Amino acid sequence: MDKKHLDICGSELIALAGSLAICIAKNYEKEDLRKLRCFFSTISSNLGIIESEGLHRKNKEVIKK
């Protein structure tokens, strides 16, 4: 399976994240926003772990060669 590349720069990601946060905040109550914050934070943490593991494995493969 081919991996996808994210074709968007950092400033575009920041603008998109801000826009989405504003749209979400307008439609949900405080308690729901807390739940969504925890959910997205968990996704972010998991992506960081997956990224770190991938870099760690890639470095080990380079060292073995």
Side-chain angles (χ1 to χ4, degrees):
M1 183 161 106
D2 292 335
K3 298 214 177 188
K4 306 273 187 220
H5 291 280
L6 189 61
D7 190 26
I8 189 169
C9 70
S11 59
E12 291 171 327
L13 276 174
I14 291 169
L16 178 60
S19 297
L20 285 172
I22 291 168
C23 289
I24 290 170
K26 286 182 177 181
N27 292 305
Y28 292 95
E29 297 294 324
K30 237 181 186 179
E31 185 59 32
D32 294 328
L33 289 175
R34 281 191 205 106
K35 291 175 186 176
L36 288 169
R37 177 174 45 91
C38 290
F39 174 73
F40 288 119
S41 181
T42 302
I43 289 174
S44 176
S45 295
N46 288 336
L47 286 173
I49 292 167
I50 292 166
E51 176 190 24
S52 176
E53 278 297 306
L55 290 173
H56 181 69
R57 287 183 187 158
K58 188 180 271 188
N59 289 339
K60 280 177 114 177
E61 291 173 5
V62 169
I63 291 171
K64 285 182 181 180
K65 292 181 180 180

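Both backbone and side-chain heavy atoms feed into the values below; hydrogens, waters and symmetry mates do not. It should be emphasised that the depicted structure is a prediction, and the values quoted were computed from it without experimental measurement.
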**Message:** Using the side-chain hydrogen bond (donor to acceptor under 3.5 Å, both in side chains) criterion, which residues pair with Glu31? Sequence neighbours excluded.
**Reply:** Arg34
**Pairwise distance CD1(Ile22) to CG(Asn27) - rounded to 0.5 angstrom** = 12.0 Å
Less than 3.5 Å apart, which donor and acceptor atoms pair up between the side chains of residues 6-17 and the rest of the protein, not counting sequence neighbours?
{"residue": "Glu12", "atom": "OE1", "partner": "Cys9", "partner atom": "N", "Å": "2.9"}

**Partner residues of Ile24 under the side-chain contact (heavy atoms from CB on, under 4.5 Å) criterion, sequence neighbours left out** = Tyr28, Leu33, Leu36, Phe40
